[in-house]
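In this text the structure is predicted, and so the values were computed from the model without any measurement.
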Amino acid sequence: MNLNLADTFNIELPADPMQTNSRRQVHEAAFSTVTPRVPTQPKLIHAAEEVGELLGIPKSIREGIQSKDFLEVFSGAKVLEGSNPYAMVYGGHQFGNWAGQLGDGRAINLGEVVHNNQRWAMQLKGAGETPYSRMADGLAVLRSSIREHLCSEAMYHLGVPTTRSLSLILTGDEVLRDMMYDGNSAYEKGAVVCRVAPSFVRFGNFQIFAARQDKKNLQKLVDYTIKYFFTDIKSEGKEKYISFLESVAKRTLKMIIEWQRVGFVHGVMNTDNMSILGLTIDYGPYGWLEGYDHGWTPNTTDRGTKRYRFGNQPVIAAWNLLQLANVIYLLVEEAKPLETILESFQKEYKVDYLNMMNQKLGLSSNDGSNEKLITELERMLHLTETDMTIFFRNLANVKQEDSFVDFAKAIEKAFYKKEELVGTTLKEWQKWFAMYQVALKNDSSFGESRKASMNQVNPKYVLRNYMAQLAIDAADKGDYSVIEELYQLLKSPYDEQPEKEQWFAKRPEWARHKVGCSMLSCSS
Ligand code: AMP
Ligand code: MG
């Protein structure tokens, strides 16, 4: 395979001198060299051609995605000539507690390529043990790999910053998993996904050096990250590190706003799952809001405190940034500028969130106005189970001069129990609609294009939890057509696709409490 390999991470940062693949604490190094495990019988299930193009993978049969070479390289069977695969060291706060060294326990970096002046790192997830595998096997199962592959690409096409997914390959090996952590282990099909992003560095990569008071290597990693991925930072010394935190905060803010816009719940916002580039990373027990609910989390492991619930994502992002600020403090030795950045995050989040919600409502305000209208709407959406995606998408069909009856008709499909729309609930909706009409009257700048602009921020199609599960159930039986169907559907999430209207529907009742549809654990 003829890729333009251009490694930097494993060239410019310190390596773990030990070459054996034994589980251990690794100090004063950013990575350890590892070789992916050779799968028994790899089989390509799906590939995103677009991602292949980003990397410069040719379209031809002989060298492209359908080639033997591709299958070997991206399943881990063959190491690319000139590459030097490795696993990264990182630590992290898991569910609010410092967990010490974690690291790439089942992710193996194949290397970096530069194509069309853009740097991409390629990483296999599920390609076997590394020094960071701790108690686990380094493998991934088909169901979680399908979820990662489909969701990465769906998020990209929704316009949410994310890592990408090149390929989904069955390994032909069996993997033992206790899916709901309830003592019922079973063998499942193993799979490998190749993720692609400019860099896979996480908050935790910096945290591990700080936790060990290894300021020298911390600084090396920050300098490296700025040099390649924050090229607009031109200052030096302390200013440079302050700007770095500021940029990371801005990128993180943007990512969270986008999550809230589309109703995505990450599920495990541990600091080791926070990309330093502000990309959505590590698709595990994530989920999509169906009924709009600030308190919802798909992650059963988080059922107790629901730390990572939808409505808490901005709070946790700020908490995670505080942990990063504590790390950067070692290089800045001054708290004030870092505190200012964290305070602005809170303020800017509020304004940006309101602006984003205004857009969802077809209002052009960009000064954080209409707060009452928005907080009231959020309250209304909780009154009776209301599908987020359908509500906002269909709201675009409501006109300023419409009557309440027209409005109710337009959004009717979003309610799980229409019959609950009576009494005070009905009255409250009438009140809200009256407020909305006033807002529309006062803000007519979108004019005729209001519907079109709303449709650009309110997706018609998202990867509803049960949809991913249907793809998984079919794939388990050897039918990969649903994966392809959903992949194609979600490439144009804002377009009307009349022949695919079946996916613009509320979650069916069978999926309400089904494992995989509404309940997911970290087991993957
Ligand atoms: P996660 O909760 O998936 O973000 O993972 C937390 C940590 O556990 C990371 O260091 C992962 O690399 C590691 N990990 C998760 N699953 C496995 C596995 N099957 N084998 C080895 N390490 C794993
Ligand atoms: Mg992780």
Side-chain angles (χ1 to χ4, degrees), residues 21 23 34-48 51 71-77 85-88 90 102-110 121-153 162-181 185-197 200 202 266-268 270 272-273 280-286 298-299 301 463 468-469 471-473 475-476 480 483 515-516 520-524:
N21 195 353
R23 294 160 197 224
V34 275
T35 308
R37 176 177 182 274
V38 177
T40 304
Q41 205 181 3
K43 180 181 153 76
L44 178 70
I45 293 188
H46 197 264
V51 181
L71 183 67
E72 286 179 344
V73 169
F74 295 106
S75 67
Y86 57 95
M88 290 182 185
Y90 54 79
L102 298 166
D104 286 331
R106 57 162 163 181
I108 296 181
N109 299 274
L110 297 183
M122 304 173 294
Q123 185 178 78
L124 298 186
K125 186 167 176 181
E129 285 174 47
T130 78
Y132 312 101
S133 297
R134 297 180 294 152
M135 314 294 283
D137 55 14
L139 305 176
V141 293
L142 178 59
R143 65 181 151 84
S144 63
S145 306
I146 291 175
R147 284 169 51 83
E148 171 130 22
H149 182 67
L150 280 179
C151 200
S152 309
E153 291 306 290
T162 178
T163 60
R164 305 288 304 267
S165 180
L166 170 67
S167 52
L168 171 63
I169 296 177
L170 269 177
T171 58
D173 296 305
E174 301 259 277
V175 177
L176 189 64
R177 284 288 180 274
D178 181 356
M179 188 160 64
M180 291 317 291
Y181 296 139
S185 295
Y187 279 101
E188 298 186 46
K189 289 178 186 165
V192 172
V193 156
C194 178
R195 308 197 278 202
V196 173
F200 289 100
R202 305 144 187 266
H266 183 283
V268 211
N270 293 336
D272 52 301
N273 289 339
T280 313
I281 192 172
D282 274 9
Y283 290 90
Y286 68 82
N299 185 358
T301 315
L463 184 61
Q469 190 58 38
I472 292 166
D473 290 344
D476 255 336
Y480 308 120
I483 297 176
V515 169
L520 293 135
S521 77
C522 289
S523 165
S524 56

Please answer whether the main-chain N or O of Arg164 pairs with a side-chain N or O of Ser152 as donor and acceptor at a distance below 3.5 Å. no
Please check if the side chain of Asp104 supplies one atom and the backbone of Met88 the other of a donor-acceptor pair under 3.5 Å. yes
Is [Y] close to [X] at the side-chain level, that is, under 4.5 Å between some pair of heavy atoms?
X: Leu166; Y: Met122; result: no
X: Leu142; Y: Ile45; result: yes
X: Tyr480; Y: Leu170; result: yes
X: Asp173; Y: Leu139; result: no
X: Lys189; Y: Val175; result: no
X: Ser75; Y: Val192; result: no
X: Glu174; Y: Glu188; result: no
X: Pro36; Y: Leu110; result: yes

Indicate yes or no: does [X] engage [Y] in a salt bridge with an N to O separation below 4.0 Å.
X: Arg177; Y: Asp137; value: yes
X: Arg195; Y: Asp282; value: yes
X: Glu129; Y: Arg106; value: no

side-chain contact (heavy atoms from CB on, under 4.5 Å) for Arg134 and Leu102? Distances and angles first, verdict last. CA-CA 8 Å; Arg134 297 180 294 152; Leu102 298 166; 3.3 Å; yes
Heavy-atom pair of closest approach, residues Leu520 and Tyr286: CD1-O, 3.3 Å
Write down the atom of Ser185, the atom of Asp178, and the distance for their closest heavy-atom approach. OG-CB, 3.6 Å
Taking everything shown except Tyr181 itself, do over 12 heavy atoms lie less than 6.0 Å from its OH? yes
Assess the residue pair Phe200 and Gln123 against the criterion (side-chain contact (heavy atoms from CB on, under 4.5 Å)); give the C-alpha distance rounded to whole Å, side-chain angles, the decisive distance to 0.1 Å, and a yes or no. CA-CA 8 Å; Phe200 289 100; Gln123 185 178 78; 3.5 Å; yes
